[in-house]
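Being a predicted model, the structure only gives us computed values, none of them experimental.
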Amino acid sequence: MSRAARNDADAPASPFDKPRWDPLAAVRRRDPAAMDVFISGTVFLDIVFTGLPTAPAAGTEVWAAGMGSAPGGIANLAVAAARLGLRTSLAAGFGDDAYGDFCWRTLGQEGVDLSGSRRFTHWHTPVTVSMAVDRDRSMVTHGHDLPVSADEMIGQPPRSRAVVASLGDVDGGVELPGWARRAGAEGALVFADVGWDPSGRWNPGLAEQLADCHAFIPNAVEAMSYTHTDTPEAALRAIADWVPLAVVTLGGEGAMAIDSSTGEAERVPPLPSVALDPTGAGDVFGAGLVLGTVAGWPLRERLLFAGLCAGLAVRHFGGSLAAPGWGDLTDWWRNTAGRAAAGDTEARDLATRYGFLPDLLPSGPVCEVRRAHATLARYSDLDAA
C-alpha cells in the first residue's frame with residue numbers, strides 16, 4: 001500500500017497554485033489544523049552568475065554566460081519544503097522595495113505561508129551576488145539587521161509538527177532561539193543546525209542548547225569540531241548522546257545518522273550527480289529529512305530520499321528554485337527504472353537502492369516547477385505538461 005495519498009480538498013484556492021501531491025495526508029488527519037514545518041530566518045535576493053571563464057580580477061570586467069535570480073537564505077529551505085508537499089510557514093522580514101516584492105510574491109506562489117512574516121518600510125531587502133566558476137563559487141552580500149528581533153516578530157509560533165532553527169551566536173556561545181523552544185514545548189519536533197564558528201571556540205555549551213531539540217544536522221567538519229573528535233563516526237556517536245536523531249552529512253560521501261528513538265543506525269552513499277551549483281543543497285536535504293521523519297519512514301529511506309532531493313537540486317542553478325518537486329522525482333525514477341530495464345548496471349544499483357520510491361510517488365500528473373531566470377519573473381509554477 002502506498003504511504004502517500006492525495007488530499008484534493010486541501011488544494012489552495014489561489015489562481016497561481018496548482019493541486020499538489022500530498023505525502024502527509026494520513027498524518028494530517030490526526031491534526032488537520034497544524035502546519036507541517038515552521039521556519040524563520042533572513043530572506044535574501046540571490047543573483048547568481050554562471051558560466052564565468054574566470055573570477056573577475058581587480059579592474060576587469062567578466063561577462064557571464066548565464067544568470068539567475070531567486071529568493072535565497074531561509075527561502076531555500078522554505079521552497080524545498082513546500083515543493084515536497086509540506087505545509088510550510090515562514091516568519092521573515094521583507095523590504096518595501098522591488099526585490100522584497102519579488103521574494104514575497106515568489107514564496108507565496110510556491111505555497112509558502114507568509115502570515116507570520118512582515119514587510120518593513122525604509123528597510124531594503126538583503127542581496128547576495130554569487131559567481132560560479134569551475135563548480136566553485138564566490139559571494140558578495142549586503143544587508144542590515146531587521147528592525148525587530150525574530151522572537152519579537154514571531155511571538156508564539158503557529159502549531160506545527162516540526163520547526164527548523166539555527167543556533168545563533170550569543171555572547172560568544174550558541175543558543176537555540178526562544179521561538180523554537182516555545183514551539184518544542186507545544187509538541188513540535190525541533191530540527192537544529194549550526195554554522196561555522198570563525199572564533200574557533202566551538203562552544204562546549206552546545207549539548208545543553210540541544211536538550212530541547214529532536215534532531216541536529218551538522219556537516220562532518222562542524223560535527224567533529226563541536227564534539228572535539230577526530231572522525232565523523234565518533235562525532236556522530238557523541239551527537240547521538242545529545243539528541244534523539246543525530247545526522248552528519250558527508251558531502252560527496254553521503255550521510256550517516258543514528259535515531260535512538262527507533263534504534264536505527266544507517267550510512268548511505270550520495271546520489272551520483274554533476275554538481276553545477278551547490279547553493280541550498282543542505283536546505284534541500286533538510287527538507288527531505290523533515291518530511292521523512294514527520295511521515296515516520298525508516299531511517300535509511302529518510303536519508304536516501306533527502307540525498308536524492310539534494311542531488312537533483314545541485315543539477316540546476318539558482319538556490320531555492322533549484323529544489324525538486326514531485327514531478328522531478330517521478331521523472332528521475334522513470335528514467336532510472338527505464339535504464340535499469342535496458343541493462344544499465346549503475347541504474348540497476350540505483351533502482352535497487354531506491355526501490356521504496358515508487359510507493360511515495362504520485363500516480364497522476366503534477367505541475368512542473370519554475371527554475372531561476374535572469375529577470376524577476378512573475379509566475380512560480382509552469383502549466384503542467
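Considering CG of Asp22 and CG of Leu86, their distance stands at 9.0 Å, rounded to 0.5 Å. To the nearest 0.5 angstrom, Ile74 atom CD1 is 11.5 Å from Ser320 atom OG. To the nearest 0.5 Å, the span separating CG on Leu24 from CZ on Arg29 amounts to 11.0 Å. Rounding to the nearest 0.5 Å gives a distance of 5.0 Å between CG of Asn76 and CG of Asp283. One finds the CE atom of Met131 at 5.5 Å from the OG atom of Ser138 (value rounded to the nearest 0.5 Å). Rounding to the nearest 0.5 angstrom, the gap separating the CZ atom in Arg181 from the SG atom in Cys213 is 7.5 Å.
Of the residues listed (Trp333, Phe305, Trp332), the one engaging Tyr354 in a ring pair (Phe, Tyr, Trp, His ring centres under 6.0 Å) is Trp332, and it is the only one. Residue Thr88 forms a side-chain contact (heavy atoms from CB on, under 4.5 Å) with just one option from Ile39, Leu114, Val164, and that option is Ile39.
Remark: side-chain polar atoms of Glu264 are paired, donor with acceptor, to backbone N or O of Leu299 under 3.5 angstrom. Of the possible donor and acceptor atoms, none in the side chain of Arg159 sits under 3.5 Å from a partner among the backbone N and O of Met35. Although no hydrogens or angles enter the test, the distance criterion places a donor-acceptor pair under 3.5 Å between the side chain of Asp97 and the main chain of Thr125. In this structure a side-chain-to-backbone donor-acceptor pair under 3.5 Å is present from Arg182 to Gly155. Between the side chain of Glu222 and the backbone N or O of Asn219 there is at least one donor-acceptor pair closer than 3.5 Å. Remark: side-chain polar atoms of Thr293 are paired, donor with acceptor, to backbone N or O of Leu289 under 3.5 angstrom. A donor-acceptor distance shorter than 3.5 angstrom exists from the side chain of Arg161 to the backbone of Ala34, with no hydrogens or angles considered. Side-chain atoms of Arg348 come within 3.5 Å of backbone atoms of Gly343 as a donor-acceptor pair (strictly under, hydrogens ignored). With hydrogens and angles disregarded, a donor-acceptor distance shorter than 3.5 Å links the side chain of Ser273 to the backbone of Gly311. The backbone N or O of Pro244 sits nowhere less than 3.5 Å from a side-chain atom of Ser261 that would complete a donor-acceptor pair.
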Q: Please lay out, stage by stage, how Phe94 and Trp123 fare under the test ring pair (Phe, Tyr, Trp, His ring centres under 6.0 Å).
A: CA-CA 8 Å; Phe94 292 78; Trp123 184 81; 8.7 Å; no
Q: Please lay out, stage by stage, how Leu357 and Leu308 fare under the test side-chain contact (heavy atoms from CB on, under 4.5 Å).
A: CA-CA 10 Å; Leu357 195 59; Leu308 171 62; 3.8 Å; yes
Q: Let me see the working for Arg353 and Leu350 under side-chain contact (heavy atoms from CB on, under 4.5 Å), right down to the final yes or no.
A: CA-CA 5 Å; Arg353 186 183 309 160; Leu350 288 172; 3.6 Å; yes
Q: Determine, stepwise, if the pair Val243 / His214 fulfils side-chain contact (heavy atoms from CB on, under 4.5 Å).
A: CA-CA 6 Å; Val243 291; His214 177 76; over 6 Å; no
Q: Evaluate the criterion side-chain contact (heavy atoms from CB on, under 4.5 Å) for residue pair Phe285 and Thr249; output intermediate values, then yes/no.
A: CA-CA 9 Å; Phe285 181 95; Thr249 58; 3.9 Å; yes
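A donor and an acceptor atom, one from each side chain of Ser115 and Asp113, are located under 3.5 Å apart. Judged purely by distance below 3.5 Å, without hydrogens or angles, the side chains of Asp96 and Thr121 never pair a donor atom with an acceptor atom.
The hydrophobic cluster containing Leu291 also contains Leu361, counting ILVMFWY residues as joined when their side-chain heavy atoms lie under 4.5 angstrom apart, directly or transitively. The cluster map of Ile, Leu, Val, Met, Phe, Trp and Tyr, joined by side-chain heavy atoms under 4.5 Å apart, puts Leu167 and Ile154 in the same cluster. Under the 4.5 Å side-chain heavy-atom criterion for grouping Ile, Leu, Val, Met, Phe, Trp and Tyr, Tyr226 is not connected to Met224 through any hydrophobic cluster. Leu304 and Val314 fall into different hydrophobic clusters, defined by Ile, Leu, Val, Met, Phe, Trp and Tyr side-chain heavy atoms under 4.5 Å apart, directly or through other members. Note on Met153: it does not cluster hydrophobically with Trp104, by side-chain heavy-atom contacts below 4.5 Å among ILVMFWY residues.
Within the 4.5 Å cutoff, side-chain heavy atoms of Asp101 are placed close to those of Arg119. Side-chain contact between Leu329 and Leu312 is present, with heavy atoms from C-beta onward closer than 4.5 Å. By the 4.5 Å heavy-atom criterion applied to side chains, Thr128 and Ile47 are not counted as neighbours. Side-chain contact check for His124 versus Tyr99: every heavy-atom pair is 4.5 Å or farther apart. In this structure, the side chains of Val163 and Pro157 stay at 4.5 Å or more apart for every pair of heavy atoms. Taking 4.5 Å as the limit, every side-chain heavy atom of Phe216 sits out of range of all side-chain heavy atoms of Val247. A 4.5 Å side-chain heavy-atom check between Pro56 and Leu52 finds at least one atom pair inside the cut-off. Counting heavy atoms from C-beta on, the side chains of Val48 and Val129 never come closer than 4.5 Å.
Using a cutoff of 4.0 Å between basic side-chain nitrogens and carboxylate oxygens, Asp36 and Arg87 are not scored as salt-bridged. Using a 4.0 Å cut-off between charged side-chain N and carboxylate O, Arg267 and Glu233 make a salt bridge.
With Trp326 as the aromatic partner, Arg83 does not meet the cation-pi criteria of under 6.0 angstrom to the ring centre and within 45 degrees of the ring axis.
The aromatic ring centroids of His144 and His142 lie less than 6.0 Å from each other. When ring centroids are compared, Trp297 and Phe356 stay outside the 6.0 Å threshold.
Of all the heavy atoms in Ser40 and Leu90, the pair that sits closest is CA-CD1, 4.3 Å. In plain terms, the two heavy atoms of Ala310 and Val284 that are nearest each other are N-CG1, 3.6 Å. Closest of all the heavy-atom pairs between Thr227 and Ala223 is OG1-O, 2.6 Å. Considering all non-hydrogen atoms of both residues, Val248 and Ala220 come closest at CG1-CA, 3.7 Å. Closest heavy-atom contact between Ala78 and Leu107: CB-CD2, 4.4 Å. Scanning all heavy atoms of the two residues, the minimum distance from Val43 to Ala92 falls at CG2-CB, 3.8 Å.
For Arg334, the CZ atom counts as loosely surrounded, since its 6.0 Å shell holds 12 or fewer non-hydrogen atoms of other residues, nucleotides or ligands.
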